[in-house]
2 protein chains.
Amino acid sequence: MNFKILLSKKELQPYLLKARYGVEREGQRVTLAGDLVTTEHPSSLGNRQFHPYIQTDFAETQLELITPVAESIPELFDFLSGIHDVAYRSMNPEEMIWPLSMPPALPEKEEDILIADLERFSDVLYRRYLAKTYGRRKQMVSGIHFNFEFSDELLHKMFALQNKYTEYIDFKTEVYLKVTRNYLHYSWLITYLFGATPTSEANYFDSEDRPNEPVRSIRNSSYGYKNHGDVQVSYQNLNRYLSDLERMVIEGKLSEEKEFYSSVRFRGGKKMADLATAGIRYIELRNIDLNPFGYWGISEEQVEFLHLFLLFLLWQDEGVDADEWVAEGENKNEQVALEHPLNVTTYQEEARALLEGLTLFVEERELDISPNLLASVFNMVDNPSATLAGQLYQASQETSQKEVATTIATANYKRAWEHPYQLAGFTQMELSTQIFMFDAIQKGIQVEVLDDTDQFLKLTFNGHSEYVKNGNMTSKDSYIVPLLMENKIVTKKVLDKAGYRVPKGSEFSNIQAAIQAYPEFADQGFVVKPKSTNYGLGISIFKDGASFEDYKAALEVAFSEDSEVLVEEFLPGTEYRFFVINGEVKGILLRVPANVKGDGLRTIEALVAEKNEDPLRGEHHRTPLEKIQLGELEKIALRSQGYKMTDIPAKDEIVYLRENSNISSGGDSIDMTDVFSDAYKEIAVKAVEALGAVICGIDFIVPDYNVDPNEPGAYGIIEGNFNPAMMIHIYPYSGKGRRLTMDVLELLFPEAFTK
Amino acid sequence: MNFKILLSKKELQPYLLKARYGVEREGQRVTLAGDLVTTEHPSSLGNRQFHPYIQTDFAETQLELITPVAESIPELFDFLSGIHDVAYRSMNPEEMIWPLSMPPALPEKEEDILIADLERFSDVLYRRYLAKTYGRRKQMVSGIHFNFEFSDELLHKMFALQNKYTEYIDFKTEVYLKVTRNYLHYSWLITYLFGATPTSEANYFDSEDRPNEPVRSIRNSSYGYKNHGDVQVSYQNLNRYLSDLERMVIEGKLSEEKEFYSSVRFRGGKKMADLATAGIRYIELRNIDLNPFGYWGISEEQVEFLHLFLLFLLWQDEGVDADEWVAEGENKNEQVALEHPLNVTTYQEEARALLEGLTLFVEERELDISPNLLASVFNMVDNPSATLAGQLYQASQETSQKEVATTIATANYKRAWEHPYQLAGFTQMELSTQIFMFDAIQKGIQVEVLDDTDQFLKLTFNGHSEYVKNGNMTSKDSYIVPLLMENKIVTKKVLDKAGYRVPKGSEFSNIQAAIQAYPEFADQGFVVKPKSTNYGLGISIFKDGASFEDYKAALEVAFSEDSEVLVEEFLPGTEYRFFVINGEVKGILLRVPANVKGDGLRTIEALVAEKNEDPLRGEHHRTPLEKIQLGELEKIALRSQGYKMTDIPAKDEIVYLRENSNISSGGDSIDMTDVFSDAYKEIAVKAVEALGAVICGIDFIVPDYNVDPNEPGAYGIIEGNFNPAMMIHIYPYSGKGRRLTMDVLELLFPEAFTK
């Protein structure tokens with residue numbers, strides 16, 4: 001099979017750089033001082049056994065972060081970022097993730113290294129077996145597993161262009177076999193570039209059998225976590241490979257197939273044996289040390305290079321004898337792994353030649369890669385100090401490897417905690433959706449972003465899928481309910497009929513009829529508004545009734561906005577948002593217009609500046625609260641109270657900078673959930689039930705929440721909202737945050753919340 | 001209790017003309033020739049026993065149409081109109097409704113008059129008792145029962161302004177008692193004005209005991225349907241009234257309370273006895289003859305006058321002795337009822353005085369009534385030929401009463417059948433909602449219009465309520481499903497994942513990335529479109545691929561419309577709409593652009609004119625199809641085919657007048673439901689299931705529906721519609737109509753469809 005000719009076909013070009021990726025990243029949990037923790041796996045992460053994103057590897061302290069399959073490198077790192085955020089913020093805030101493959105200082109007694117406390121006994125047994133066979137210390141090493149699959153389109157088009165294979169599965173298997181043989185032959189280059197385990201911390205080695213000098217990669221050398229020397233398999237073809245493995249298990253050299261630790265693992269069906277019929281679907285590279293300088297243990301450049309390299313290896317000729325070819329590579333790899341990190345490699349010339357071949361391939365195939373990708377790799381070949389091992393070793397010389405690692409871990413930790421209301425990788429989405437995704441990932445519910453501009457997610461847990469938009473639009477509400485709430489007239493009719501107090505009123509489709517109704521409203525507070533209110537346009541409020549002339553003028557304004565106009569009783573009092581989910585009030589919020597509280601010393605301007613320093617306040621809805629502006633509207637609001645920016649309000653005086661209470665114009669959100677009596681909550685729940693809604697933000701006007709709601713006039717209901725904001729409850733300006741996103745998740749996936 | 005003083009209070013003025021109304025209208029079914037039918041009650045009306053709108057009265061042939069409670073006169077007549085439409089169009093098309101209170105010619109043998117075949121045996125027994133007591137012939141008279149209730153606001157405000165009664169219920173009862181006593185005293189005026197039973201048809205009277213001359217109202221005279229003379233009750237107060245009635249039942253003079261046929265019946269609780277505790281809630285006037293000239297048996301002017309008259313009777317002083325006062329009225333009424341319809345009444349002066357009092361009352365209370373209402377009544381007092389009896393008698397003189405009635409009935413019948421796709425009274429609503437309401441009324445499901453501009457209905461059957469918008473948005477679909485379908489990208493992802501063929505493609509958020517993808521699309525048909533397509537703006541279709549320049553130009557156009565652009569495989573074939581309800585394909589529709597078929601003789605212009613004569617074609621969506629226009633767009637379409645309006649197309653040649661296939665621009669809707677194989681329907685059902693939808697219009701592209709849909713490329717799915725048009729399936733241009741509205745009703749109320 002001449003892949004060189006095949007890959008040269010012009011029609012393949014658009015697909016050469018398309019692939020699917022997945023990363024598993026291991027990492028030890030350490031204290032803020034950089035010492036291995038003794039705590040259990042975080043309980044907020046639910047059952048790690050089935051968790052799709054965050055599990056434990058060998059040890060109780062060893063996190064394993066797993067991305068789903070990504071269709072592009074940016075997507076892969078979005079997932080990696082998000083999962084890292086969740087892992088960090090689900091851990092004890094006194095813990096962080098060790099950034100090196102080599103573990104931090106280990107306990108002196110081997111038995112103090114705790115094997116992961118998994119639920120399934122077979123998993124524990126396997127770990128006990130590993131501990132016995134290889135020792136617990138060696139199992140504490142962490143790394144990256146990189147899953148790679150050429151795009152289906154590329155392979156299908158290649159298959160169509162050749163005629164050696166009649167079965168697609170056989171063709172695909174041959175593709176991955178060739179890439180694997182070449183990868184094993186050339187893996188020394190990856191060890192040279194990305195090896196990053198020059199020295200160990202205390203108690204990793206328990207004997208004198210250890211490198212005397214710093215190296216490029218302990219983990220990828222014979223001192224690392226390797227099978228014993230009598231474990232050998234052939235890569236000639238898949239059948240041979242599988243029968244070799246099977247034999248080794250029968251002979252007792254391996255406990256099971258997965259104990260075979262090659263730098264490349266074939267992946268396909270559920271079990272190794274399935275490969276025989278299903279063929280190789282993708283490969284897993286297992287020789288990547290954690291990149292200490294990458295936040296995620298691996299960088300985007302590394303992934304891009306690995307993809308390019310794998311593609312090139314499919315193109316690149318291989319040796320005639322497969323097993324010899326692989327063995328030769330393994331020898332070279334051992335050699336390179338044990339070189340001093342700051343020495344030039346023995347294979348520098350060969351490395352250059354290989355990269356020149358790669359460069360030519362990129363040019364001929366017109367591959368659109370990052371501009372500095374190859375130059376940077378060439379530079380590493382020329383300058384060992386630019387390799388990861390070189391960088392880490394050099395930095396450690398000034399202090400110690402532990403201190404370097406602790407400093408990096410601390411920076412990563414701060415980054416993860418900096419914006420607790422965001423989910424890294426998905427910050428272009430709405431805050432509520434980010435937190436919703438955070439919670440889903442934490443609970444081990446799979447998240448798929450179907451459309452990020454539309455905040456459209458698919459969630460799956462144990463085969464049960466739910467679609468969610470905006471974090472609050474779900475299958476639990478029926479289609480008619482939001483339509484009902486969207487229509488204020490219908491909402492009022494339904495609530496009124498069900499016995500709840502709503503502002504009384506009439507709707508008019510001509511101004512004459514509305515004018516005639518004047519006597520009905522003249523002597524009470526009332527509101528004139530267009531039926532479809534847009535940002536308050538055309539609304540007139542008369543808190544104590546109005547003259548006939550004012551009434552007529554208000555009608556004219558309203559009718560200029562809409563052909564239907566409502567005249568409604570005015571309800572005096574304060575507006576509260578009750579957030580009801582599944583028959584329970586999960587949060588009550590008061591929104592207060594942008595304001596500052598005087599201290600008798602500072603100007604309004606200075607008070608605003610101070611209030612704006614709250615990390616929850618930002619701009620353009622990237623934070624739960626918005627900074628208070630000092631624009632025209634604020635000046636007008638101040639002026640109407642007889643103030644200007646430079647005035648100094650008296651101590652404890654509240655000065656408002658806006659008339660409206662919108663959070664988006666700098667207002668304060670104040671949690672009042674525990675202030676209201678159950679009687680109010682019951683009314684809210686029942687009213688939402690009358691509307692037929694499951695998730696609803698229902699707005700009450702309450703003059704005094706100490707009054708029994710069943711007293712006349714104690715409350716009035718203004719409207720129900722079918723897309724109520726969630727973030728303002730989760731991170732309020734004051735009062736307790738209410739994790740509504742978690743409540744919605746529980747509504748959708750109660751099964752993920754049992755136990 | 002001085003109601004005169006009370007009603008003069010200024011604050012009551014806005015509420016004086018507010019009231020609630022209900023009408024029951026009886027009517028005999030007759031053949032198109034005007035003869036009593038012998039058929040059963042229409043089976044399409046379901047179970048008449050519990051039907052809220054359409055039942056049978058005494059006889060199997062006697063329809064009883066019942067409005068729900070209306071808050072205004074226009075609303076009352078909207079309901080009356082709608083219910084009449086349903087009644088007419090649910091009857092055998094060879095039948096119509098007799099417009100007179102006096103029945104058409106009756107069978108010679110009394111036993112040939114069929115008692116209504118009701119389900120509940122007690123109902124049948126009661127009718128048998130009536131037949132025996134009064135004779136079947138007398139029971140064949142029809143009339144109007146008019147239910148009237150002063151507005152709650154008026155009564156509450158009156159109650160608050162008085163201090164004689166401490167209980168609201170007692171006060172309200174006194175209001176209705178006074179009105180009733182006065183009504184019974186003055187009912188002769190109503191008989192004079194609205195009496196309309198001057199003569200009978202054959203076999204109504206079975207003896208010589210009948211009027212010798214034409215009269216004003218046989219029905220309201222002692223020849224009508226009256227209790228025997230020994231039935232007398234007092235109206236002094238409610239207790240006396242109830243105990244009199246009870247005594248009469250005990251003495252066997254009445255079989256039960258409801259056999260008491262007064263001109264006014266008190267209404268309140270479920271049973272007569274409930275009145276004692278619940279008080280009188282409203283009154284039912286039972287002395288109104290069918291108005292032969294009103295389509296509904298009563299006119300809006302009559303209702304307005306009756307309301308005004310009842311209000312005036314509350315104001316008007318009454319006699320000291322209640323029973324004497326009532327008895328005096330009954331005597332006068334008998335006298336007036338038996339006067340010749342063209343004679344001036346004995347009480348002309350008294351009538352004038354009464355109307356003058358009424359006029360003064362209207363003026364003093366500044367009541368806003370129809371301008372000619374009182375003048376018209378004065379005119380009737382002056383000119384007996386202007387009364388209903390006078391008009392009917394005069395018209396009958398020229399031919400016969402039967403012929404006059406038959407002519408009127410025929411006109412009414414034509415009116416009901418003229419626009420079978422509309423529901424009279426609700427023609428301002430969308431056609432689909434009109435037909436949906438029609439079907440609901442027919443099935444006996446209660447309909448409430450919560451918002452007519454929003455097509456928002458509440459339906460209730462046996463205590464089970466459902467809200468519906470647009471006739472297709474219901475509680476059966478979940479909130480997330482329409483949001484999913486609204487998003488074309490998400491829709492495609494979901495369908496693709498579920499294994500259905502959708503156009504392959506990619507989305508781009510920057511033009512550079514899109515340009516680079518050119519090679520992927522270059523050699524196939526494809527479409528470039530903005531993510532949010534608005535009326536096709538910015539869409540380019542390349543059926544056979546495109547040059548790089550054309551591709552780039554198309555991207556620029558698309559990106560000028562939206563920040564996200566899709567490039568999608570073009571699927572060749574014809575588009576069909578599959579309408580799926582609850583897991584079944586209920587209709588498949590092909591939409592064809594506006595077109596005419598040549599006959600080799602006439603011009604395009606003439607062919608269009610002829611096609612536009614189809615009664616299904618109209619303008620502005622008032623009909624299922626739209627008239628083909630001959631505007632600029634049509635001229636352009638013709639020109640592109642080398643035609644002008646005055647050309648004569650060859651026989652059978654199809655000439656298109658539009659490029660788009662929208663029904664709204666004159667396109668044809670063609671039912672294809674029976675053309676497609678079950679295999680296609682199964683795919684549609686399953687695809688809709690994958691989308692999670694219950695009601696969905698899913699659009700397929702099918703090149704050839706004779707090809708097995710499982711063949712590659714046999715179909716592609718374009719989109720799912722969550723608000724699919726229904727009317728185009730119900731009244732298609734050609735093929736069988738599919739009553740989708742009935743299917744939606746059955747989905748919502750399966751219990752209304754059993755049996």
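Sequence lines set the chain letters: A, B, ... in the order given, protein chains first and strands last, and positions in each chain run from 1. Everything numeric in this text was worked out from a predicted model, so none of it was measured.
Heavy-atom pairs under 4.5 Å with chain A peak, among B/Val481, B/Val468, B/Ile489, B/Leu483, at B/Leu483.
At a 4.5 Å heavy-atom cutoff, the contact between B/Pro482 and chain A is made by side-chain atoms alone.
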Geometric donor-acceptor pairs, no angle filter, chain B-chain A, under 3.5 Å:
| from | atom 1 | to | atom 2 | distance (Å) |
| --- | --- | --- | --- | --- |
| B/Lys18 | NZ | A/Glu520 | OE1 | 3.4 |
| B/Lys18 | NZ | A/Glu520 | OE2 | 3.0 |
| B/Leu450 | O | A/Lys493 | NZ | 2.7 |
| B/Asp451 | OD1 | A/Lys531 | NZ | 2.9 |
| B/Asp451 | OD2 | A/Asn487 | ND2 | 2.6 |
| B/Asp451 | OD2 | A/Lys531 | NZ | 2.5 |
| B/Thr453 | OG1 | A/Lys531 | NZ | 2.7 |
| B/Thr453 | OG1 | A/Glu564 | OE2 | 3.2 |
| B/Asp454 | OD2 | A/Asn487 | ND2 | 2.7 |
| B/Thr474 | O | A/Ile480 | N | 3.4 |
| B/Asp477 | O | A/Tyr479 | N | 2.6 |
| B/Tyr479 | N | A/Asp477 | O | 2.6 |
| B/Ile480 | N | A/Thr474 | O | 3.4 |
| B/Asn487 | ND2 | A/Asp451 | OD2 | 2.6 |
| B/Asn487 | ND2 | A/Asp454 | OD2 | 2.7 |
| B/Lys493 | NZ | A/Leu450 | O | 2.7 |
| B/Glu520 | OE1 | A/Lys18 | NZ | 3.4 |
| B/Glu520 | OE2 | A/Lys18 | NZ | 3.0 |
| B/Lys531 | NZ | A/Asp451 | OD1 | 2.9 |
| B/Lys531 | NZ | A/Asp451 | OD2 | 2.5 |
| B/Lys531 | NZ | A/Thr453 | OG1 | 2.7 |
| B/Glu564 | OE2 | A/Thr453 | OG1 | 3.2 |

